[in-house]
J.: 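This structure is in structure tokens; I'll ask about it shortly.
The sequence lines fix the lettering, A, B, ..., with proteins before strands; numbering per chain opens at 1.
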2 protein chains.
Amino acid sequence: MDRQRQDHDRKRSTTRPPSPPLSADAQQHETRRAILNAAVQLFMKQGYRDFSLRQVARATGYTPTTVYLYFKDKDDLLFHVAMEGFKHFCRELEEAYASGATPIERLVAIGRAYVRFGLNNPLHYRLMFMERDEFLQREPPPGFVAPVQAFELLVQAVRECVEGGYFRPGDPWAYALAVWSTVHGLVSLALTNPSLDREQIATIEEVAYEMMQRGLVVQTPP
Amino acid sequence: MDRQRQDHDRKRSTTRPPSPPLSADAQQHETRRAILNAAVQLFMKQGYRDFSLRQVARATGYTPTTVYLYFKDKDDLLFHVAMEGFKHFCRELEEAYASGATPIERLVAIGRAYVRFGLNNPLHYRLMFMERDEFLQREPPPGFVAPVQAFELLVQAVRECVEGGYFRPGDPWAYALAVWSTVHGLVSLALTNPSLDREQIATIEEVAYEMMQRGLVVQTPP
DNA sequence: TGACGAGGTTAACGCTGTTAAGTATAATGG
DNA sequence: CCATTATACTTAACAGCGTTAACCTCGTCA
């Protein structure tokens, strides 16, 4: 009759190619990387709520249990997906910082890069800053930079503005948090309200920058 | 031997009391209300990720299927939980608005009420504005106010500031969005980073208000 | 030859959301 | 008064999920 219920995570035809010979732990690293890549890809297609470990396993051609040989559990896998996002995110912010000639320019570039990242990577942004923002605090796995480093870059940029006399005197840390609040709020607003088009977002972005500028910058009437 | 697997959502001793006689649809409304209350209570204890329809059913003494007689599915139930939050939220914002004598006072009161709500109801705030912010756009069920109404209150307060000459001329809508960005960012920051204590949050809050004030208010040197 | 470990699988458990079908009780109509 | 019908709820199941214990199946090395 109908036998007992059974899982059927059989391998599909969509299987991994036969891998060329490799050293032991290079091989290990390889498959780990393959699983993580599949996870990132799946996440970017499905988003947070429909992300499933079993689907990642199917996509790689492994059984679900194999995933546990390379990641502690689903949450650990998802954490690594988020860390991939943070890596990307930090790089863009650093590039922005490096692109500016003056402290103010550097700070504004960081702000714009932040917003751009959010708008261009909505699913990752949601994961990193809205759905699983606790990941921000988690100790980064070896080989990854701590997300908090991006924030320190922001504090650094703000500090330069204060010390250079561009900003009114005050605690750079508190200023940086206020700046972060504003740009994060802006991105959240854009993601939350998809009916807003890029132009409207740009308008609000300019209002926000002007607000920050008038609010923080020393007013030197010519 | 061991029979087929079977669910066992048997009624527990923690059952609903025998209800006094009521009219047909009043009774219906009653149980619906009981389920929703249990859902809210469970949500406030467990948060978004561990919220389960079956647990709600168990808490009420009903079977899971019964829940489907009163709510379309789990998401609908969760949506109503969020709407309860919005009801509360809108009320507090309206009280804040009413409490101010001048346009500026009203606006500041709204901002402070917003932040207070977020800090006092973190799980609900996360649900409403971070985890399931799409609920904001959803058509409210009969008997509930649209969440967007709270935002219109904010726009109204900002408009009064502009029209009263307190703010520099500009689009009240864009200003309101910028203000919302700032307070939402602030609350997000506080919830994301639980290591920040109330005092530190208060500091950043003041910085943010000062920034908004200098950024938006007409500077009239005495 | 035999022990061993690395890399992977099988089969299950318990949980979840969800649905089709059934049941008991109350209300209603001829 | 009995038959019907609707109401309120349950039973039993399905499929999917995360997770685990136990088991293979090799290649390596003593």
Side-chain angles (χ1 to χ4, degrees), chain A residues 1-12 15-16 18-19 21-35 39 42-43 46-79 81, chain B residues 1-12 15-16 18-35 38-39 42-43 46-79 81:
Chain A
M1 285 309 173
D2 46 0
R3 326 202 310 288
Q4 301 230 112
R5 197 171 68 73
Q6 63 177 14
D7 295 349
H8 53 306
D9 298 293
R10 290 289 137 70
K11 253 186 246 175
R12 301 291 225 23
T15 326
R16 61 223 124 101
S19 28
L22 276 174
S23 91
D25 52 350
Q27 170 70 292
Q28 186 159 196
H29 189 272
E30 195 85 349
T31 47
R32 190 184 154 90
R33 199 59 238 181
I35 292 175
L42 183 73
F43 175 83
Q46 312 252 74
Y48 179 63
R49 287 163 60 196
D50 297 326
F51 178 80
S52 118
L53 182 146
R54 286 178 113 106
Q55 280 189 57
V56 172
R58 280 194 287 269
T60 54
Y62 291 110
T63 53
T65 28
T66 299
V67 178
Y68 285 86
L69 300 177
Y70 296 92
F71 296 93
K72 186 177 164 294
D73 53 17
K74 176 189 179 178
D75 215 58
D76 187 41
L77 182 54
L78 197 60
F79 175 57
V81 170
Chain B
M1 280 322 175
D2 47 1
R3 327 203 310 288
Q4 302 230 112
R5 199 171 67 74
Q6 64 178 13
D7 296 348
H8 54 305
D9 298 292
R10 289 289 138 69
K11 252 185 246 172
R12 303 292 226 20
T15 326
R16 61 221 123 101
S19 29
L22 276 174
S23 92
D25 52 349
Q27 170 70 293
Q28 189 159 189
H29 189 273
E30 194 85 349
T31 48
R32 190 184 153 90
R33 198 60 238 181
I35 293 176
L42 184 72
F43 175 82
Q46 312 251 76
Y48 178 63
R49 286 164 61 196
D50 298 327
F51 177 80
S52 120
L53 181 146
R54 285 179 113 105
Q55 279 190 58
V56 172
R58 280 194 287 269
T60 55
Y62 291 110
T63 54
T65 29
T66 300
V67 178
Y68 286 86
L69 300 177
Y70 297 93
F71 296 92
K72 185 177 164 295
D73 53 18
K74 176 188 179 178
D75 215 58
D76 187 40
L77 182 54
L78 197 60
F79 176 56
V81 171

J.: Has B:T65 got a side-chain N or O lying under 4.0 Å from the OP1 or OP2 atom of D:dT10?
T.: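 For B:T65, the contact criterion (side-chain N or O under 4.0 Å from OP1 or OP2 of D:dT10) is not met.
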J.: Is A:T66 touching bases, backbone alone, or none of the nucleic acid, heavy atoms closer than 4.0 Å?
T.: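 Since a base atom lies under 4.0 Å of A:T66, the category is base.
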J.: Please confirm whether the shortest side-chain N or O distance from B:S52 to OP1 or OP2 of C:dC15 is below 4.0 Å.
T.: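 Answer is no, no contact under 4.0 Å.
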J.: What nucleotide among C:dT10, C:dT18, D:dA8 has an atom nearest to a side-chain atom of B:Y68?
T.: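 Closest nucleotide among those given: C:dT18.
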J.: Measure across B:L53 and B:D73 and return the closest heavy-atom pair with its distance rounded to 0.1 Å.
T.: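 Where B:L53 meets B:D73 most closely, the heavy atoms are CD1-C, 4.3 Å.
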J.: Would you compute the distance between atom OH of B:Y62 and atom OG1 of B:T31 and round it to the nearest 0.5 angstrom?
T.: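 One finds 5.0 Å between OH of B:Y62 and OG1 of B:T31.
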J.: Once you round it to whole Å, what is the distance between P of C:dG5 and CG of A:L69?
T.: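 Between P of C:dG5 and CG of A:L69: 16 Å.
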J.: Please tell me if B:R49 has a side-chain N or O lying less than 4.0 Å from either OP1 or OP2 of C:dT16.
T.: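 So the side chain of B:R49 is outside the cut-off, no N or O lying under 4.0 Å from OP1 or OP2 of C:dT16.
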J.: Measure the distance from CZ on A:F51 to C1' on C:dT16 and round it to the nearest whole Å.
T.: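 Roughly 18 Å, once rounded to whole Å.
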J.: Mind calculating the distance between CD (A:E30) and P (C:dA6) to the nearest angstrom?
T.: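 A:E30 atom CD is separated from C:dA6 atom P by 19 Å.
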J.: Under 4.0 Å: is that the gap between some side-chain N or O of A:R58 and OP1 or OP2 of D:dC17?
T.: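 For D:dC17, OP1/OP2 do have a side-chain N/O of A:R58 under 4.0 Å.
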J.: Hey, could you give me the CZ/CG distance between A:F51 and A:L77, rounded to the nearest 0.5 Å?
T.: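 Here the rounded value is 4.5 Å.
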J.: Just verifying a value: how many Å separate B:Y68 OH and B:T65 OG1, rounded to the nearest 0.5 Å?
T.: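 So the gap between those two atoms works out to 9.0 Å.
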J.: Measure from NZ on A:K74 to P on C:dC15 and round the result to the nearest Å.
T.: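 So the NZ-P distance, A:K74 to C:dC15, works out to 18 Å.
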J.: Between C:dG8 and A:Y62, is there an OP1 or OP2 to side-chain N/O distance shorter than 4.0 Å?
T.: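 Result: yes.
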J.: Could you state the CG-P distance from A:D50 to D:dG16, rounded to the nearest angstrom?
T.: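 In whole Å, D:dG16 P and A:D50 CG are 14 Å from each other.
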J.: So does B:Q55 get a side-chain nitrogen or oxygen closer than 4.0 Å to the phosphate oxygens (OP1/OP2) of C:dC15?
T.: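 The answer is no; no side-chain N or O of B:Q55 sits under 4.0 Å from OP1 or OP2.
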J.: How close or far is atom C1' of D:dC17 from atom CG of A:D75, stated in whole angstroms?
T.: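 A:D75 atom CG is separated from D:dC17 atom C1' by 14 Å.
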J.: Looking only at heavy atoms, what is the nearest atom pair of B:Q55 and B:D50, with distance?
T.: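 Closest approach of B:Q55 to B:D50: NE2-O, 3.7 Å.
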J.: When you measure only distances, ignoring hydrogens and angles, does the side chain of A:R54 come within 3.5 Å of the base of D:dG18 through a donor and an acceptor?
T.: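 Between D:dG18 and A:R54, which were checked side chain against base, a qualifying N/O pair under 3.5 Å is present.
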J.: Return no unless some side-chain N or O of A:Y70 is found under 4.0 Å from OP1 or OP2 of C:dG8.
T.: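 Answer is yes, contact under 4.0 Å.
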J.: Between atom CG in A:L53 and atom P in D:dT20, what is the gap in whole Å?
T.: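 A:L53 atom CG is separated from D:dT20 atom P by 11 Å.
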J.: Output the rounded distance in Å from CD (A:Q46) to C1' (D:dC17).
T.: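 Atom CD in A:Q46 sits about 14 Å away from atom C1' in D:dC17.
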